[in-house]
Amino acid sequence: MNLAGKVALVTGSTSGIGLGIARAMAEAGAGIMLNGFGKPEDIEKERAGIEADFGVKVAYSGADLSTGSGVRQMVAEAEAAFGRVDILVNNAGIQFVADIVDFPEDKWDAIIAINLSSAFHGIKAAAPGMKARGWGRIINIASAHGLVASGQKSAYVAAKHGILGLTKVAGIELANTGVTCNAICPGWVLTPLVEKQLQDRAAKNGTSFEEEKDALVSEKQPMKQFSTPAQIGALAVFLCSDGAMTITGAPLSIDGGWVAQ
Ligand code: NAD
């Protein structure tokens, strides 16, 4: 896959799945705009590491994607640094777990803003340039929880179902422009977002992290193994290829059989 000359903006790419996608896009030759939070020295290490490993330009935007203005600022920073955004990966996300009756309203608002609305604002800002150039790829990182639900994840499941709807609408609106929009629906991937849930479960159940790891993956997935950020990255790179030119508006599962049941 050759993405030389293309520019990929990957939100939430200082960690986990986003970082795996950024590295896969860089390996395929794309210039990369990183985004997300973290210690400045850690982010600079990742940024410089990707540049050194793959010989592509890598820039960073620390924009907070919980507001539309933050998202527009990030897209503007990418366009200023690279002159264009060809690939937009809406990946940034957060999680909070509680029953609906106990769910804090500020957590609901934050999850909807970051996991759903930021993708709308990003597509609105980046799609006009893609259309003008006649080529673009928008990839929304949804979840198995975009297709099926679990208890205690009302905001997350609502946001992920919502992002599949947004993906379908964008796919239809951008058809015949050279721009596709698809969603990747991962099952479990062992990232800081999931490690926090495992630590909480171990504390609550008086078990070990390793026991909870096995239990978590076994509860939902026939294939009892985590997918890796590199595997999610490989699927994202495929969606940028000519082979994927007519895939649009689609949810693509990479979940060890979770939603096949
Ligand atoms: P992670 O916690 O490792 O990474 C999340 C990233 O988002 C980080 O870079 C963080 O700094 C960034 N971020 C959070 N809030 C932000 C904000 N307001 N503005 C800008 N950046 C922000 O999580 P992850 O597991 O890699 O999750 C990435 C995406 O994949 C999320 O959308 C998540 O819902 C989805 N996902 C994860 C799994 C899994 O098992 N890990 C499964 C399915 C879907």
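Both ligands and their constituent atoms are indexed starting at 1 by order of listing.
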Quick check: does Leu65 get an N/O under 3.5 Å from an N/O on ligand 1?
-> yes
Evaluating non-hydrogen atoms only, which member of Trp258, Tyr156, Trp188, Phe226 is closest to atom 36 (N) of ligand 1?
-> Tyr156
Would you say Gln152's side chain and Val97's backbone share a donor-acceptor pair under 3.5 angstrom?
-> no
Could you tell me whether Lys107 sits above the aromatic face of Phe103, with NZ or CZ closer than 6.0 angstrom to the six-membered ring centre and within 45 degrees of the axis?
-> no
For the residue pair Gln199 and Glu195, confirm or rule out a side-chain donor-acceptor distance under 3.5 Å.
-> no
Nearest protein heavy atom to atom 3 (O) of ligand 1, by residue and atom, and its distance?
-> Ser15 OG, 2.6 Å
In this structure, atom 38 (C) of ligand 1 is nearest to the protein heavy atom Ile17 CD1, 3.8 Å
Could you tell me whether Asp64 approaches ligand 1 through its side chain, its backbone, both or neither, with non-hydrogen atoms closer than 4.0 Å?
-> both
Just say parallel, tilted or perpendicular for the rings of Trp258 and Trp188, cut-offs at 30° and 60°.
-> tilted
Pick from Ile94, Leu193, Asn91: the one approaching atom 28 (C) of ligand 1 most closely through a non-hydrogen atom = Asn91
Should the proximity of His145 to ligand 1, defined as any heavy atom under 4.0 Å, be assigned to the side chain, the backbone, both, or neither?
-> neither
Check each of Gly12, Ala144, Ala142 against atom 7 (O) of ligand 1 and report the one with the nearest heavy atom.
-> Gly12
side-chain contact (heavy atoms from CB on, under 4.5 Å), paired with Ile123, selected from Val75, Asn140, Val71 = Asn140
Ligand 1-proximal atoms of Ser118, by part, heavy-atom distance under 4.0 Å = neither
Under 3.5 Å, N or O to N or O, is Pro186 touching ligand 1 that way?
-> no
Can you establish whether the number of heavy atoms outside Lys224 located under 6.0 Å from its atom NZ is more than 12?
-> yes
